[in-house]
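All values reported here derive from a predicted model rather than from experimental measurement. One is the number of the first residue; the rest follow in order along the sequence. In listed order, ligands and their atoms are each counted from 1.
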Amino acid sequence: MKNYKITLLKGDGIGPEIVEQAVKALNVLADKHGFHIEYTDALLGGVAIDATGVPLPPETVEACKAADAVLLGAVGGYKWDTLPGHLRPEAGLLGIRSALGLYANLRPAVIFGPLKSASPIKDEIIGDSLDIMVVRELTGGIYFGERGRKEVKGQPAAFDTEMYTVPEIERIARVAFDVARKRNKKVTNVDKANVLESSRLWRETVLKVAEGYPDVELNHLYVDNAAMQLVRNPRQFDVILTSNIFGDILSDEASQIAGSIGMLASASLSDGTLGLYEPIHGSAPDIAGQGVANPLATILSAGMLLRYSFGMEQAAGQIDAAVAAVLETARTPDIWEEGCKRVSTAEMGDLVCALLK
Ligand code: NAD
């Protein structure tokens with residue numbers, strides 16, 4: 001029987017409650033498909049600060065590197081809000097992403113049919129459902145480029161630099177095309193090639209990578225137009241490929257179209273199959289420990305883990321289908337509507353597991 005290792009970073013607030021539900025779902029699928037998962041718990045965020053004095057202890061980095069995949073709950077909370085920046089829980093999050101070389105961020109923006117009313121976009125624009133994947137470059141570009149302050153014509157000035165190397169563009173483009181092959185085989189490259197030289201190199205490189213993917217359709221949009229098209233006609237998108245800064249903005253815009261924060265999963269991938277999977281929401285300290293948190297974003301993140309780190313497309317699809325099905329009848333309080341059963345975090349996890357069996 002094949003054995004996989006997952007390191008769990010449950011973190012703070014609702015983190016432990018929601019990760020527990022995702023683990024239940026993974027275990028059901030392991031039984032069903034005949035594989036075994038070995039879990040290791042490691043500390044990240046506030047719990048790590050309390051136990052060791054730092055948000056990302058070296059043992060956590062080692063435990064993540066030794067795993068096939070990492071599943072993260074969330075970090076942060078009022079208790080640690082007054083610590084200096086490098087000692088705050090969120091510093092642990094940035095630290096683990098960089099320690100694992102996670103250069104590709106995948107953020108699906110999915111509207112499940114039964115949750116259409118949570119979207120701020122009109123029904124006729126969404127249609128039956130919506131499923132967009134934003135693939136954002138995560139470790140290069142202007143957030144990491146040279147920056148500084150200087151004087152220009154006697155006036156104080158500041159600058160930041162957008163720079164990408166061809167290999168950096170090639171590897172993120174390949175991720176986007178590979179992801180599109182598992183979906184509807186369409187990539188929309190988003191850049192600002194009408195103005196920026198870095199975008200022109202980006203586009204040239206994407207075009208070259210595309211030659212290796214003749215089965216995937218490619219089109220290009222300038223970022224200003226892409227921002228507009230996301231609300232005007234989001235159904236035209238399958239996979240959006242873009243740089244760090246444009247992806248930062250567009251992935252948040254796309255997730256707002258989906259509406260419910262408790263439903264949004266994400267994956268951050270490195271070279272090879274190691275990936276870190278986490279819901280996009282935070283640790284929700286206002287509801288922690290009450291058993292009311294929505295575990296579906298974390299369960300969907302576990303589905304991405306199966307798809308992208310374990311290559312288990314069928315099992316991943318079963319998670320997506322179980323989540324879509326459970327929403328027809330049961331909801332946690334954050335997405336509850338008249339006519340549905342109001343369930344707790346653990347009950348939602350149990351219902352998903354029952355559907356997976
Ligand atoms: P948040 O996402 O934790 O919460 C925002 C609102 O959404 C809250 O009302 C919360 O109750 C609700 N919410 C979030 N997830 C939910 C879920 N699964 N089910 C039901 N309701 C949910 O954002 P915030 O309040 O700005 O931040 C709280 C803490 O989380 C802060 O310390 C922040 O730094 C941290 N944070 C961590 C991450 C992460 O770990 N990736 C991301 C964002 C914020």
Side-chain angles (χ1 to χ4, degrees), residues 7-23 25 42-50 55-56 60 64 70-98 100 102 105-108 110 112 115 118 136 138 248 251-252 255-256 258-268 275-304 323 326-327 330-337 340 342-349 351-352:
T7 292
L8 301 176
L9 305 176
K10 293 176 184 161
D12 310 311
I14 60 171
E17 308 164 46
I18 53 180
V19 169
E20 190 186 329
Q21 309 314 312
V23 167
L43 297 173
L44 181 80
V47 281
I49 296 170
D50 287 352
L56 176 62
T60 295
C64 292
V70 180
L71 184 63
L72 168 69
V75 300
Y78 314 125
K79 184 176 171 190
W80 306 281
D81 274 353
T82 50
L83 291 171
H86 67 289
L87 285 180
R88 288 183 52 149
E90 295 79 3
L93 209 54
L94 297 179
I96 192 65
R97 288 178 185 148
S98 115
L100 299 181
L102 304 170
N105 186 226
L106 274 56
R107 288 250 306 246
V110 179
F112 293 94
L115 285 186
R136 165 190 173 194
L138 205 56
D248 189 7
S251 61
D252 266 17
S255 65
Q256 279 312 297
S260 320
I261 193 164
M263 296 296 305
L264 296 164
S266 80
S268 300
L276 182 145
Y277 301 84
E278 58 180 318
I280 74 153
H281 59 72
S283 57
D286 53 332
I287 56 165
Q290 297 174 19
V292 295
N294 184 347
L296 294 178
T298 316
I299 292 174
L300 289 166
S301 301
M304 294 185 83
V323 169
V326 82
L327 290 169
R331 308 274 177 89
T332 42
D334 56 312
I335 51 171
W336 183 80
E337 274 176 73
C340 289
R342 187 189 284 262
V343 295
S344 69
T345 308
E347 283 167 336
M348 183 55 102
L351 288 170
V352 171

Query raised in the report: Under 4.0 angstrom from atom 26 (O) of ligand 1, is there any protein heavy atom?
Result: no

Report summary line: Atoms of ligand 1 under 4.0 Å from any heavy atom of Ile287, numbered from 1 in the order shown, are 11 (O), 20 (C), 21 (N)

**Report entry** Close side-chain approach of Val70 to Glu278, heavy-atom, < 4.5 Å
**Finding:** no

Query raised in the report: Taking heavy atoms and a distance under 4.0 Å, where does Ile14 meet ligand 1: side chain, backbone, both or neither?
Result: side chain

Query raised in the report: Considering all protein heavy atoms, does one lie under 4.0 Å from atom 10 (C) of ligand 1?
Result: yes

Query raised in the report: Closest non-hydrogen protein atom to atom 5 (C) of ligand 1, residue and atom name please, with distance?
Result: Ile261 CD1, 4.8 Å

Query raised in the report: So, is Ile280 polar-close to ligand 1, with some N/O to N/O distance under 3.5 Å?
Result: no

Requested in this report: Begin from the C-alpha positions of Trp336 and Asn294 and carry the test side chain to side chain contact (heavy atoms under 4.5 Å, CB included) through to its verdict.
Outcome: CA-CA 10 Å; Trp336 183 80; Asn294 184 347; over 6 Å; no

Query raised in the report: Val75 to ligand 1: N or O pair under 3.5 Å?
Result: yes

Requested in this report: Go through the steps to decide whether Arg88 and Asp81 satisfy the test salt bridge (Lys or Arg N to Asp or Glu O under 4.0 Å), and finish with yes or no.
Outcome: CA-CA 7 Å; Arg88 288 183 52 149; Asp81 274 353; 3.5 Å; yes

Requested in this report: Heavy-atom contacts with Glu278 under 4.0 Å: which atoms of ligand 1 show up? List them by number with element.
Outcome: 41 (N)

Query raised in the report: Nearest to atom 31 (C) of ligand 1, what protein heavy atom do you find, and at what distance?
Result: Glu90 OE2, 3.9 Å

Report task. Mark up the atoms of ligand 1 that fall under 4.0 Å of a heavy atom belonging to Gly76, in ascending order. Result -> 32 (O)

**Report entry** Side-chain (Asn105) to main-chain (Arg136) donor-acceptor, under 3.5 angstrom
**Finding:** no

Query raised in the report: Can you list the atoms of ligand 1 that are under 4.0 Å from a heavy atom of Gly77?
Result: 32 (O)

Query raised in the report: Heavy-atom contacts under 4.0 Å between Leu93 and ligand 1: side chain, backbone, both, or neither?
Result: side chain

Query raised in the report: If you measure from each non-hydrogen atom of Pro285 to ligand 1, which part falls under 4.0 Å: side chain, backbone, both or neither?
Result: side chain

Query raised in the report: At a 4.0 Å threshold, what atoms of ligand 1 neighbour a non-hydrogen atom of Ala293?
Result: 19 (N)

Query raised in the report: Where is the nearest protein heavy atom to atom 4 (O) of ligand 1: which residue, which atom, and how far?
Result: Ala284 CA, 4.3 Å

Query - Heavy atom of Ala297, distance to ligand 1 below 4.0 Å - result: no

Query raised in the report: Against heavy atoms of Ala74, which atoms of ligand 1 measure under 4.0 Å?
Result: 40 (O)

**Report entry** Lys/Arg N to Asp/Glu carboxylate O, Arg107 vs Asp252, below 4.0 Å
**Finding:** yes

Query raised in the report: What distance do Ser260 atom OG and His281 atom NE2 have between them, rounded to the nearest 0.5 Å?
Result: 11.0 Å

Query raised in the report: Are His86 and Pro55 side-chain neighbours, meaning at least one heavy-atom pair lies under 4.5 Å?
Result: no

**Report entry** Separation of Leu327 CG from Leu115 CG (nearest 0.5 Å)
**Finding:** 4.5 Å

Report summary line: Residue, atom and distance of the protein heavy atom nearest atom 29 (C) of ligand 1 read Ser283 OG, 3.3 Å

Report summary line: Note: Asp334, heavy atoms under 4.0 Å from ligand 1, region reported as side chain

Query - Protein heavy atom under 4.0 Å of atom 38 (C) of ligand 1 - result: yes

**Report entry** Validation row: Asp12, Pro89 side chains within 4.5 angstrom (heavy atoms)
**Finding:** yes

Query raised in the report: What protein heavy atom sits nearest atom 8 (C) of ligand 1, and how far off is it?
Result: Asp286 OD2, 3.5 Å

Report task. Could you find the nearest protein heavy atom to atom 2 (O) of ligand 1 and give me its residue, atom name and distance? Result -> Gly282 N, 2.7 Å

Report task. Can you see which heavy atom on Ala265 is nearest to which on Ser301, and at what distance? Result -> CB-OG, 3.3 Å

Query - Evaluation steps, side chain to side chain contact (heavy atoms under 4.5 Å, CB included), between Thr332 and Ser344 - result: CA-CA 6 Å; Thr332 42; Ser344 69; over 6 Å; no

Query raised in the report: Do the side chains of Leu138 and Ser268 get nearer than 4.5 Å, heavy atoms only?
Result: yes

Query raised in the report: How long is the gap from CG on Leu71 to OG1 on Thr298, to the nearest 0.5 Å?
Result: 7.0 Å

Query - Heteroatom proximity flag, Gly262 to ligand 1, N/O under 3.5 Å - result: no

Query raised in the report: Does a side-chain N-to-carboxylate-O contact under 4.0 Å join Arg342 and Glu347?
Result: no

Query raised in the report: Are Cys64 and Leu9 close enough that some pair of their side-chain heavy atoms sits under 4.5 Å apart?
Result: yes

**Report entry** Identity and separation of the nearest protein heavy atom to atom 19 (N) of ligand 1
**Finding:** Asn294 N, 2.9 Å

**Report entry** Check: Asp81 N/O within less than 3.5 Å of ligand 1 N/O
**Finding:** no

